[in-house]
**Q** 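Supplied in structure tokens, the structure appears directly below.
Worth knowing before you read on, the calculation uses all heavy atoms, side chains too, and leaves out hydrogens, waters and symmetry mates. By convention here, the first residue in the shown sequence is residue 1. What you see is a predicted model, and the numbers here were worked out from it, not measured in a lab.
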Amino acid sequence: MIRIIEFREIDLQPLRKLFLSERQRTFAEQDTSEFKLEDFDKQTQGEYILTAFLDDVLVGFISIWIPTSFIHHLYVAAPFQGKNIGTELLKAAIQKTTFPITLKCLETNTKAIEFYIKKGFTEKSRGYSGNGTYILFELTKEIV
């Protein structure tokens, strides 16, 4: 059973490890040697974080910058993808913020793009960052 709860300090180390390992796996075309455990702390500072547990194992998280309803990170550990965990994290996040909800996704992250489109996000624009071209997605209603 999936359990979604707010961030707890006791989950910091597992979250750092999940964030690092999934970024290394997802963004293999980048110089992943630059990725560090502490990146989680820096990249989620001030954000609202929800964590997902499956049978008491931390398997994913979502972080949101509440003032602008921007989803900054959504990660589910690879062995647990396809088990509705990302969807449940999105649903829980929607309850904590307001529409429209936005996020950016690198266009090379095709698996994530497919997921967001399936959930009802629409492309608003494209831009370029130091990591490549990204798509700005927007969600204006409950997810499907």
**Q** Can you tell me if CD on Q95 sees more than 12 non-hydrogen neighbours from other groups inside 6.0 Å?
**A** yes

**Q** How long is the gap from CD1 on I143 to OG1 on T87, to the nearest 0.5 Å?
**A**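 Those atoms lie 5.5 Å apart.
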
**Q** Determine, using the 4.5 Å side-chain heavy-atom cutoff (strictly less than), whether I62 and L20 are members of one ILVMFWY cluster.
**A**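 I62 and L20: separate clusters.
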
**Q** Is any side-chain heavy atom of E6 less than 4.5 Å from a side-chain heavy atom of I49?
**A** no

**Q** State, with a plain yes or no, whether a side-chain heavy atom of I113 is found less than 4.5 Å away from one of I135.
**A**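 Result yes, sub-4.5 Å side-chain heavy-atom pair found.
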
**Q** Kindly indicate whether the side chain of R3, heavy atoms from C-beta on, has any atom under 4.5 Å from the side chain of D56.
**A** yes

**Q** Less than 4.5 Å apart, any side-chain heavy atom of L90 and any of E88?
**A** no

**Q** With sequence neighbours excluded, what pairs up with R126 under the side-chain hydrogen bond (donor to acceptor under 3.5 Å, both in side chains) test?
**A** E107, E123

**Q** Report the residues that fulfil side chain to side chain contact (heavy atoms under 4.5 Å, CB included) with S33, sequence neighbours left out, ordered by chain and then residue number.
**A**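 Expected list: D31.
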
**Q** Please tabulate, for side-chain N and O atoms in residues 10-19, each donor-acceptor pair with protein atoms closer than 3.5 Å (sequence neighbours left out).
**A**
unit_1	atom_1	unit_2	atom_2	d
D11	OD1	R8	NH2	3.1
D11	OD2	R8	NE	2.8
D11	OD2	R8	NH2	3.1
Q13	OE1	R16	NH1	2.4
R16	NE	D41	OD1	2.8
R16	NE	D41	OD2	3.4
R16	NH2	D41	OD1	3.4
R16	NH2	D41	OD2	2.5

**Q** Any side-chain heavy atom of T133 sitting closer than 4.5 Å to one from L106?
**A**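 Counting from C-beta outward, T133 and L106 never come under 4.5 Å.
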
**Q** NZ of K104 to CG of N131: how many Å apart, nearest 0.5 Å?
**A** 11.5 Å

**Q** Do the ring centers of F40 and F61 come within less than 6.0 Å of each other?
**A** yes

**Q** Taking 4.0 angstrom as the limit, do R25 and E22 come out as a salt bridge?
**A** yes

**Q** With a 4.5 Å cut-off on side-chain heavy-atom distances among I, L, V, M, F, W and Y, is there a chain of contacts connecting L103 to V76?
**A**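 Linked, L103 and V76 end up in one cluster.
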
**Q** Scan for ring-ring contact (aromatic ring centres under 6.0 Å, His included) pairs involving residues 82-117, sequence neighbours excluded, and state none if there are none.
**A** Y116-F121

**Q** Determine yes or no for a side-chain-to-main-chain donor-acceptor pair under 3.5 angstrom, with D39 supplying the side chain and K36 the backbone.
**A** yes

**Q** Verify the cluster assignment for L89 and I2: are they in a single hydrophobic cluster under the rule of side-chain heavy atoms below 4.5 Å apart?
**A**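 Both belong to a single hydrophobic cluster.
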
**Q** Run the side-chain hydrogen bond (donor to acceptor under 3.5 Å, both in side chains) test against K42 and tell me which residues pass, sequence neighbours left out.
**A**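 Expected list: none.
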
**Q** Is the side chain of H72 donor-acceptor paired with the backbone N or O of Q43 at a distance under 3.5 Å, no angle test?
**A**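 Yes, H72 side chain to Q43 backbone: donor-acceptor pair under 3.5 Å.
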
**Q** Same cluster for I5 and F80 if Ile/Leu/Val/Met/Phe/Trp/Tyr side chains link at under 4.5 Å?
**A** no

**Q** Can you tell me if S129 uses its side chain to pair, donor with acceptor, with the backbone of G132 under 3.5 Å?
**A** yes

**Q** Tell me whether I94 is reachable from Y75 by hopping between hydrophobic residues (I, L, V, M, F, W, Y) whose side-chain heavy atoms are closer than 4.5 Å.
**A** no

**Q** F70: which other cluster members, linking ILVMFWY side chains closer than 4.5 Å, directly or transitively?
**A**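 F70 clusters with W65.
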
